[in-house]
Amino acid sequence: MDKAKAWAPLCTDYGSYDPLQSGSIDGTDTLPHDHAIVRATTARYKPNQQVKGDPERTVFVARLSDTTREETVKEVFSKYGKIESCRLVRDIVTGRPKGYAFVEFRHLEDAETAYHRCNKMVVDGSRIFVEMEYERILPGWKPRRLGGGLGGKKESGQLRFGGRERPFRKPITLGSKPLRGDTWRRKDGEERDFARGRFTEQRSGGATAGGDGGDRRRPWGGDRQRNEHWRRPNYSRARSRSRSRSP
């Protein structure tokens, strides 16, 4: 499938989960840019068969406070419809909450309402994130711990796109911007030559960067040393004066 032509903002629109695609800002990458994507591509993962309920009517609730209890999550989401089940995920060793939960509604319409209204709601001092469940819906799904998932933080350097928080951006058509080595004329009349790393002004009185002439935007007119309005501070002279005055 040509992803550039059949572009869509969400990975659900493609009918399956592809770690390589989700690791791309526009969903068109052909090579992985971090090792986690390679790990997710080769990893084998099957959804938890012990999880019951309808995934179509289940919402994923993340970024919960450490103090948030399962009863609190159920109370918040029960305002939008009848709840079949609510599961706050805990660490199997410590028993402490991991900060996310799954809420299954009796009706699909109620799940969609909660999806739209509860996202970024503040619960116990934490701004939560609400998304539909993907693990049992999207074939090929890989969780975050295996290098997959969606979202992520910029600090980690492993952002994943195609979800609600970071949808795919529309691919840029080749030719809309200059490639390196080409000459490109901007709307203001400035011509940039990327091959030589310099630019020339096409306006009246313009000059090449680094030469003599009247570049209106630069106080030194293209030559710092010759312009009377620009002087490099003489720090060595200032130090010598301060030393001579000291006792």
Hey, is Glu84 close enough to Arg106 for a salt bridge, meaning N to O under 4.0 Å?
yes
Does Phe105 have any ring-ring contact (aromatic ring centres under 6.0 Å, His included) partners at least two apart in sequence or in another chain, and if so, which?
none
Using side-chain heavy atoms (C-beta onward) and a distance below 4.5 Å, is Thr58 in contact with Val103?
no
Just jot down the ring-ring contact (aromatic ring centres under 6.0 Å, His included) partners of Phe102, sequence neighbours excluded, or say none.
Phe60
Output the distance between atom CZ (Arg90) and atom OH (Tyr100), rounded to the nearest 0.5 Å.
12.5 Å
Between atom CZ of Arg160 and atom CG of Leu150, what is the distance when rounded to the nearest 0.5 Å?
9.5 Å
Side chains of Tyr115 and Glu131: closer than 4.5 Å at any heavy-atom pair?
yes
Do Ser22 and Phe161 come within less than 4.5 Å of each other through their side chains, counting heavy atoms only?
no
Hydrophobic clustering (ILVMFWY, side-chain heavy atoms < 4.5 Å, transitive) - are Tyr14 and Ile25 grouped together?
yes
CG of Asp124 to OG1 of Thr72: how many Å apart, nearest 0.5 Å?
5.5 Å
Taking side chain as C-beta onward, heavy atoms only, is Leu64 less than 4.5 Å from Leu88?
yes
Beyond-backbone contact of Arg164 with Phe129, side-chain heavy atoms, under 4.5 angstrom
yes
Supply the atom-to-atom distance Leu10 CG to Asp13 CG, rounded to the nearest 0.5 angstrom.
5.0 Å
Is a donor from one side chain sitting under 3.5 angstrom from an acceptor on the other, for Asp26 and Ser24?
yes
Any non-hydrogen side-chain atom of Glu104 less than 4.5 Å from a side-chain atom of Glu133?
no
Do the side chains of Leu108 and Val59 join up, straight or via other hydrophobic residues, at under 4.5 Å, putting them in one cluster?
no
Hey, are Glu165 and Lys120 close enough for a salt bridge, meaning a charged N less than 4.0 Å from a carboxylate O?
no
Identify all side-chain donor-acceptor contacts of residues 76-83 below 3.5 Å with residues at least two apart in sequence or on another chain.
from  : atom 1 : to    : atom 2 : distance (Å)
Ser78 : OG     : Lys74 : O      : 3.1
Ser78 : OG     : Glu75 : O      : 2.9

Side chain to side chain, Arg87 and Val51, heavy atoms closer than 4.5 Å:
yes
About how many Å separate CH2 of Trp7 and NZ of Lys170, when rounded to the nearest 0.5 Å?
6.5 Å
With a 4.5 Å limit on heavy-atom distance, are the side chains of Ser16 and Leu138 in contact?
no
